[in-house]
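Here's the structure we're looking at; comments come further down.
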Amino acid sequence: MKQPLQELLIGAFERLRSQGSVPPDLALDIHLERTRDRQHGDFATNVALTLTRPLKRKPREIADMIIAALPDSGYVTKVEVAGPGFINFFLSPAAYVEQVKQVLASGEAYGRSDLGAGRRVQVEFVSANPTGPLHVGHGRGAAYGAAVADLLAAAGFQVHREYYVNDAGRQMDILATSVWLRYLEMFGEKIRFPSAGYKSENYIFDIAGALYKERGDALRHTAAAVTADLPPDGAADDSGDKEAHIDALIMRAKQLLGEQPYRLVFDRALDSILADIRADLEEFGVVYEEWFSERSLVESGAVERAIQRLRDSGHLYEKDAAWWFRSTDFGDEKDRVVVRENGQSTYFASDIAYHMDKLERGFDRVIDVWGADHHGYVPRVKAALAAIGDDPGRLDVLLVQFAILYRGGQRVQMSTRSGEFVTLRELRNEVGNDAARFFYVMRKCEQHMDFDLDLAKSQSNDNPVYYVQYAHARICSVLRQMHDKVYTLDESLGLEQLTLLQEAHEQDLMVALARFPETIEAAALVHEPHQIAYYLRELATAFHTYYNAHQFLVDDARLRNARLCLIVATRQVIQNGLGLLGVSAPEAM
RNA sequence: GCCCCGGUAGCUCAGUUGGAUAGAGCGUUCCCCUCCUAAGGGAAAGGUCACAGGUUCAACUCCUGUCCGGGGCGCCA
């Protein structure tokens, strides 16, 4: 709807240039916006205001000149100058009628565009370490990332959703070792559990139990062999180093088991947890094109190649037996280690390799959705890309703030350390997938979020999810009533008679429908799914107001079918909008 | 100490990237079902946009400084 108006303005300026009323080299930045107030028409532009200085004329004079030069259009009934020099456009009823027809003709595709022109975008999100179930913080990243990806797809981008699996590294060794120790306990081996291990997590016992069932005593070793000559743990009673202790324990596990059996324990733990995460996300309506393994980067030599590229380009130096990346040359606060004293590459090295790989795969844009606690990590990743000659501007890192749960007006305590965090699955079971998905994206991602569990659960008009879904259900209900009254929907008759819909409520609803495609484009480009949530609430309000003010199933067949066409179009848009957020559109509530 | 995010109605938050009289939901007060689901609608009250400067035709929006809240600053991942 915006596009034709934009073209009219461009046409006007072409005419003004040829007339010599405007210098030929005049730079134009035409901002066309929806008006806040219908008194100001449908769209407004401030070009005249922005041209006061270059043209050295009064804004209202400039506005008059532009209006006089506008080509004719069937979409516009009136154009006027207002306020300090705004140009207001009033669209013709035909323009909105056209939009309703468009909704019904396009169906599920209404709102989609080819703005992205098929450019390839990769969206990496969640990527939680596979060391335990997802918690509510990951849930927000999942809902947000999925919505951003779907929005981009709707805006015509070719989207590749990816989960980066941190299946290499020390944290996973700690996990595997923890499982093995629990497994040994099942044979009655008495081993004091390391304080840095996964001590109180129930799923560790479950995985150990599965291992016991599948492998019997094939992986058994005696407590004495496991604990012999270990450096002391760091618990309160012995002043050892808990990190050194667990590292030694990991070494011991690898030694006693041998490479293959150790790998077996490791993979059993990894597969089990990853399967759980995958199922959790699928139930949440979040699916990926690819699960990308960090280990595959290590094993394929990609990490080594990445380090070599940095070394070749002179950005690495050796200090204290470790290899450092001079990221300060690219704006980072301090230099970062890529190869540790012990010869192991760091997580950061893997991440450099991963991001190199992403760009090599030819994505036009790469989006990472991270928890806000990783913000300090952004400069070093961008630094690495710059160092190897890639364009860090192709990478967008979207930081998602934490969600704080409230129940009964009280903050729900969450502590990862004590293991009493709330899992995503628990949240989904408590409030349902729809409420969880909707609430998670109701806020801008950089906003701290207060997640009110009671509100999310309440089946009342306080709850925005139900409010929107109810509008959809109500329309379905009207159609059921229609059948009961032995009417049928005559769509072609209704579409012919759309001009009968002159009531203010009907006009408002048509405006709301027309705004949907614009809203998707805007939300997609700035990665803000909350705009869709707000839009849907406004659309639902426009419908509920209309519903209360007018009867749809009236005797007059022409008016009845016109109104039914309008609300069927509304139902379609609600369905499309909720779909973008991963929320269902129920036919009855 | 340095860095990131936030501060808008009693509460939770929007504010179309600098535009017209700062908006919505909840809460409060009042009103509307002989009528397609009242899980709805209408009306009222409610504001020094944290504070102070600056930039310009125009600042909640951009710049600088201050105050308050949250988070981050590992050879962890």
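Numbers restart at 1 for each chain; the letters A, B, ... are given by sequence-line order, proteins then strands.
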Q.
Taking pairing as Watson-Crick or G-U wobble with both contacts under 3.5 Å, can you name the mate of B/G46, or confirm there isn't one?
A. none
Q: Identify whether any heavy atom of A/His483 sits under 4.0 Å from a base atom; if not, whether one sits that close to sugar-phosphate; answer base, sugar-phosphate or nothing.
A: nothing
Q: With syn defined as a glycosidic angle within 90° of 0 and anti as everything else, classify B/C32.
A: anti
Q. Are the side chains of A/Arg34 and A/Phe43 in touch, meaning some heavy atoms are under 4.5 Å apart?
A. yes
Q) Syn or anti for B/U17, with syn set at within 90° of 0? A) syn
(Q) Ring centroids only, cut at 6.0 angstrom: are A/Phe330 and A/His315 within range, meaning strictly under it? (A) yes
(Q) Distance check, C1' atoms only: B/A39 and B/U34, in whole angstrom units. (A) 23 Å
Q: Check the distance between B/U12's P and A/Phe439's CZ and give it to me in whole angstrom.
A: 15 Å
Q. Contact class for A/Thr545 (heavy atom, under 4.0 Å): base, sugar-phosphate, or nothing?
A. sugar-phosphate
Q | Below 4.0 Å: OP1/OP2 of B/G6 and any side-chain N or O of A/Lys444 | A | no
(Q) Mind checking if A/Lys485 touches a base, just sugar-phosphate, or nothing, with heavy atoms under 4.0 Å? (A) nothing
Q. Ignoring hydrogens and angles, does a donor from either the side chain of A/Asn46 or the base of B/A20 sit under 3.5 Å from an acceptor on the other?
A. no
(Q) Working to the nearest 0.5 angstrom, can you tell me the gap between A/Phe90 CZ and A/Arg38 CZ? (A) 9.0 Å
Q | A/Tyr406 versus A/Asp454, side-chain donor and acceptor atoms under 3.5 Å | A | no
(Q) Taking B/G41 as the reference, what is the distance to B/G25 when you measure between their P atoms (whole Å, please)? (A) 8 Å
Q: Mind checking A/Ala471 for me? I need base, sugar-phosphate or nothing, with any heavy atom below 4.0 Å counting as a touch.
A: nothing
**Q.** Under 3.5 Å on both distances, the Watson-Crick or G-U partner of B/C35
**A.** none
Q. Can you check the A/Asp555 CG to B/C36 C1' distance for me, whole Å?
A. 13 Å
Q. Does A/Tyr546 have its ring centroid less than 6.0 Å away from the ring centroid of A/Phe552?
A. yes
(Q) Is it the case that the side chains of A/Gln171 and A/Thr131 hold a donor-acceptor pair, with the cut-off being a distance below 3.5 Å and no angle test? (A) no
Q) On a whole-Å scale, what distance lies between the P atoms belonging to B/A24 and B/C2? A) 42 Å
Q.
Could you identify the nucleotide paired to B/C2, looking across every strand shown and requiring Watson-Crick or G-U wobble geometry with both distances under 3.5 Å?
A. B/G72
Q: Return the value, rounded to whole Å, for the distance between atom CD of A/Glu521 and atom C1' of B/U17.
A: 16 Å
Q) A/Leu5 has an atom CG; how far is it from atom P of B/U16, in whole Å? A) 20 Å
Q) What do you reckon, are the aromatic ring centroids of A/Phe292 and A/Tyr354 less than 6.0 Å apart? A) yes
Q) A/Asp42 CG to B/U16 C1': how many Å, rounded? A) 15 Å
Q. Can A/Gln531 and A/Glu528 be counted as having a side-chain donor-acceptor contact under 3.5 angstrom?
A. yes
Q | B/G53 - base-pair partner by Watson-Crick or wobble geometry, distances under 3.5 Å | A | B/C63
Q. Reckon A/Tyr467 has a side-chain N or O less than 4.0 Å from the OP1 or OP2 of B/G41?
A. yes
Q) Contact class for A/Ala44 (heavy atom, under 4.0 Å): base, sugar-phosphate, or nothing? A) base
Q) According to a strict under-4.0 Å criterion, is A/His505 in side-chain N/O contact with OP1 or OP2 of B/G42? A) no
Q: Identify which nucleotide among B/U16, B/C36, B/A39 has an atom closest to any side-chain atom of A/Met589, counting heavy atoms from C-beta outward.
A: B/A39
Q | Pairwise P distance for B/G47 and B/C11, with rounding to whole Å | A | 12 Å
Q.
Say we look at B/G65 and B/C26: how far apart would their P atoms be, to the nearest angstrom?
A. 41 Å
Q) What does A/Val378 touch in the nucleic acid at a heavy-atom separation under 4.0 angstrom: a base, only the sugar-phosphate, or nothing? A) nothing
Q. With nearest nucleotides of RNA chain B determined for A/Phe43 and A/Met442 from heavy-atom distances, which residue corresponds to the more 5′ nucleotide?
A. A/Met442
Q | Cationic N near anionic O, under 4.0 Å, A/Arg443 to A/Asp450 | A | no
Q: Establish, yes or no, whether a centroid distance under 6.0 Å links the rings of A/Tyr467 and A/His544.
A: yes
(Q) What is the distance, to the nearest angstrom, from the NE2 atom on A/His550 to the C1' atom on B/C35? (A) 14 Å
Q: Report the distance from atom CD1 of A/Ile404 to atom C1' of B/C5, rounded to the nearest whole Å.
A: 13 Å
Q. Rounding to the closest angstrom, what is the interatomic distance between B/A14 and B/A50 at atom P?
A. 14 Å
Q.
Could you work out, with salt bridge (charged side-chain N to carboxylate O under 4.0 Å, His left out) as the rule, every residue matching A/Asp332, not counting sequence neighbours?
A. A/Arg336
Q.
Counting only Watson-Crick pairs (N1-N3 plus N6-O4 or O6-N4) and G-U wobbles (N1-O2, O6-N3), all under 3.5 Å, who is the partner of B/A9?
A. none
Q.
Measuring to OP1 and OP2 of B/U16, would you say a side-chain N or O of A/Tyr535 lies under 4.0 angstrom away?
A. no
Could you list, one pair per line, each protein nitrogen or oxygen that sits under 3.5 Å from a nitrogen or oxygen of nucleotides 25-34 of chain B, together with the distance?
| residue | atom | partner | partner atom | Å |
| --- | --- | --- | --- | --- |
| B/G25 | O4' | A/Arg537 | NH1 | 3.4 |

Q. For every nucleotide of nucleotides 71-77 of chain B, 5' to 3': is a protein heavy atom under 4.0 Å from its base (B), only from its sugar-phosphate (S), or from neither (-)?
A. BSS-BSB
Q) Can you tell me how far C1' in B/A44 sits from the matching atom in B/A9, rounded to whole Å? A) 14 Å
Q: Report the nucleotide, chosen from B/A14, B/C36, B/G19, that has the shortest atom-to-atom distance to any side-chain atom of A/Arg36.
A: B/G19
(Q) Should A/His40 be counted as stacked on B/A20, where stacking needs a ring-centre gap under 5.5 Å and an angle between planes under 30 degrees? (A) yes
Q. Just how far is it from atom CZ of A/Arg411 to atom CG of A/Leu405, taken to the nearest 0.5 Å?
A. 9.5 Å
(Q) Can you check the distance between B/C57 and B/U66, where both ends of the measurement are the P atom (answer in whole Å)? (A) 29 Å
Q.
Any donor-acceptor pair under 3.5 Å linking the side-chain atoms of A/His374 with those of A/Asp368?
A. no
(Q) Closest-nucleotide mapping onto RNA chain B: is A/Ala473 or A/Thr52 further toward the 5' terminus? I mean the 5' end. (A) A/Ala473
Q.
Without decimals, in angstroms, what is the distance between A/Asp368 CG and B/C4 C1'?
A. 17 Å
